[in-house]
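What you are looking at is a predicted structure, and each value in this text was computed from that prediction instead of being measured. Within every chain, numbering begins at 1; the chains are lettered A, B, ... in the order of the sequence lines, protein sequences first and strands thereafter.
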Amino acid sequence: MPELPEVEILVRHLAPLVKGKTIRDVEVRRPRVIRPTAERELRQTLRGATFANLSRRGKYLVFTLHAPKRTELISLIGHLGMTGRMFLAGKKSPLPKHAAIILDLGKHLMIFEDTRYFGRFTLDSSGPAALGPEPLGKEFTPTYLVAALKRYTQAIKVKLLDQTLVAGIGNIYASEALFRAGISPRAKSNQLTLPQLTRLHRAIREVLARAIRQGSTVPLDFAGDGARDGLFYYGSKGDANGFYSERLLVYDRLGQPCPKCRTPIRRFVQAARSTYYCPACQPT
DNA sequence: CACCATGTTCCTTG
DNA sequence: CCAAGGAACATGGT
């Protein structure tokens with residue numbers, strides 16, 4: 001469930017549920033997701049620690065905790081990969097098949113499940129440290145975009161997925177932002193004009209902010225039985241009613257009419273990822 | 001069986 | 001140094 005808006009919604013829901021809670025025990029079912037932290041170290045560090053805060057940086061979740069006998073706060077870094085979820089569950093509810101990490105919080109369990117195990121749950125904070133500016137933050141300006149893209153001939157769609165350029169844009173919102181800005185995904189980064197980059201800057205912020213706003217209206221139930229964080233992310237079950245995909249204008253809409261001009265939406269592959277666009281509204 | 005999938009990272013080739 | 005393409009990771013859906 002992974003781009004910036006989905007992570008932001010998860011953080012908002014999870015933060016009040018974990019703050020002040022103390023980790024009694026840690027079960028590592030999939031050691032690969034904690035890499036490069038060792039299992040022993042994770043358990044020793046987290047046992048007895050209390051959640052102080054939870055925030056987001058790009059697509060990463062950043063938990064901070066107080067540990068007994070330590071002055072500095074500990075940072076615990078989460079990343080959902082392609083299929084990760086985090087939620088609280090009662091101790092009696094059955095564990096999901098792909099539970100990777102289970103934290104015993106006393107009354108509840110906090111579960112990190114991840115079908116494909118591409119996600120992370122680690123003490124290593126080098127991931128978020130390497131990120132570019134937050135797209136919804138003050139540092140992300142049209143001027144920044146101009147300077148950051150100047151040196152690259154790479155296609156803009158590919159460059160938007162570069163987390164060191166801007167943090168948090170993924171494959172879905174990259175296509176959506178370019179459509180809204182009326183820019184071809186094939187356009188070379190260093191050939192975009194100032195008006196184009198101004199539009200792209202605004203489109204990125206709008207697309208992400210709208211998604212967060214709309215995601216905020218979805219009721220999530222983290223602690224109920226059989227609870228999931230469902231309903232919001234692309235392809236989730238609650239999406240049967242089209243809640244999520246309805247507001248995506250081009251992504252996964254191959255052959256469907258463009259919402260602006262009715263030209264059929266096209267798909268092609270860039271950097272091994274699908275790109276969707278309207279050939280009329282986003283001319284090369 | 002085939003192809004696709006919200007992400008990241010590594011490797012090769014130019 | 002950079003760009004582009006591919007594969008890998010691992011599992012499931014259609």
Side-chain angles (χ1 to χ4, degrees), chain A residues 1-10 29-36 56-61 77-86 96-100 112-122 124-132 135 148-177 185-191 207-208 211-212 214-215 218 228-240 243-255 267-276:
Chain A
M1 90 159 215
E3 297 182 41
L4 184 152
E6 294 78 18
V7 178
E8 176 66 26
I9 296 303
L10 174 61
R29 298 198 156 198
R30 281 286 173 156
R32 96 176 301 269
V33 309
I34 70 173
R35 72 194 188 285
R56 179 193 57 73
R57 180 78 174 89
K59 300 171 194 170
Y60 289 90
L61 298 103
I77 306 301
H79 193 292
L80 300 171
M82 295 266 264
T83 52
R85 302 171 183 198
M86 285 185 200
K97 183 176 177 189
H98 297 293
F112 172 41
E113 72 152 327
D114 185 357
T115 308
R116 292 168 75 179
Y117 305 114
F118 290 172
R120 289 291 180 91
F121 199 81
T122 180
D124 171 33
S125 54
S126 62
L131 296 174
L149 291 173
K150 216 180 204 134
R151 325 175 268 136
Y152 300 102
T153 56
Q154 218 170 2
I156 183 62
K157 158 64 164 40
V158 176
K159 214 50 201 161
L160 287 179
L161 299 180
D162 178 352
Q163 303 297 299
T164 69
L165 186 89
V166 196
I169 301 173
N171 202 40
I172 292 176
Y173 294 112
S175 281
E176 293 297 311
R186 296 181 223 257
K188 293 189 186 304
S189 298
N190 64 354
Q191 289 178 3
V207 146
L208 298 176
I212 291 172
Q214 299 191 16
V218 182
R228 287 294 184 279
D229 54 71
L231 301 179
F232 180 45
Y233 53 93
Y234 182 76
S236 68
K237 285 198 183 149
D239 198 39
F243 175 83
Y244 188 111
S245 57
E246 237 169 44
R247 40 187 201 73
L248 298 179
L249 303 183
V250 292
Y251 184 82
D252 205 20
R253 291 189 178 279
L254 176 63
R267 169 193 181 273
F268 73 110
V269 172
Q270 289 178 296
R273 317 291 307 275
S274 287
T275 298
Y276 295 87

Scan nucleotides 11-14 of chain B against the protein and return all N/O pairs shorter than 3.5 Å with their distances rounded to 0.1 Å.
none

Mind checking side-chain hydrogen bond (donor to acceptor under 3.5 Å, both in side chains) for [X] and listing every partner two or more places apart, or none if nothing turns up?
X: A/Thr164; answer: A/Asp162
X: A/Ser274; answer: A/Arg267
X: A/His98; answer: A/Tyr117
X: A/Lys157; answer: A/Asn171, A/Thr275

All side chain to side chain contact (heavy atoms under 4.5 Å, CB included) counterparts of A/Tyr60, not counting sequence neighbours: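 A/Tyr60 satisfies side chain to side chain contact (heavy atoms under 4.5 Å, CB included) with A/Ile77, A/His79, A/Pro128, A/Leu131 once adjacent residues are dropped.
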Members of residues 164-171 of chain A that approach DNA chain C, where some heavy atom sits under 4.0 Å away: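 Those residues: none at all.
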Listed partners of A/Arg56 passing salt bridge (Lys or Arg N to Asp or Glu O under 4.0 Å), at least two apart: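 Applying salt bridge (Lys or Arg N to Asp or Glu O under 4.0 Å) to A/Arg56 gives A/Glu8, A/Glu134.
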Test salt bridge (Lys or Arg N to Asp or Glu O under 4.0 Å) applied to A/Arg29 - qualifying residues, sequence neighbours left out: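 With sequence neighbours excluded, A/Arg29 shows a salt bridge (Lys or Arg N to Asp or Glu O under 4.0 Å) to A/Glu27, given in chain and number order.
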Polar side chain donor-acceptor pair, A/Thr153 to A/Asn190, under 3.5 angstrom: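 Short answer, no.
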Atom P, compared across B/dC3 and C/dA7: separation rounded to whole Å: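 Going atom to atom, P in each nucleotide, I get 12 Å.
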Which protein N or O atoms sit under 3.5 Å from an N or O of nucleotides 5-8 of chain C?
none

DNA chain B stem ranges, 3 or more consecutive Watson-Crick or G-U pairs under 3.5 angstrom: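 B:2-5 with C:11-14, B:7-14 with C:2-9 - these are the stems of 3 or more pairs that involve DNA chain B.
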Per-nucleotide protein contact string for nucleotides 9-14 of chain C, where B marks a base within reach and S marks sugar-phosphate only (heavy atoms under 4.0 Å, - for neither): BBBS--
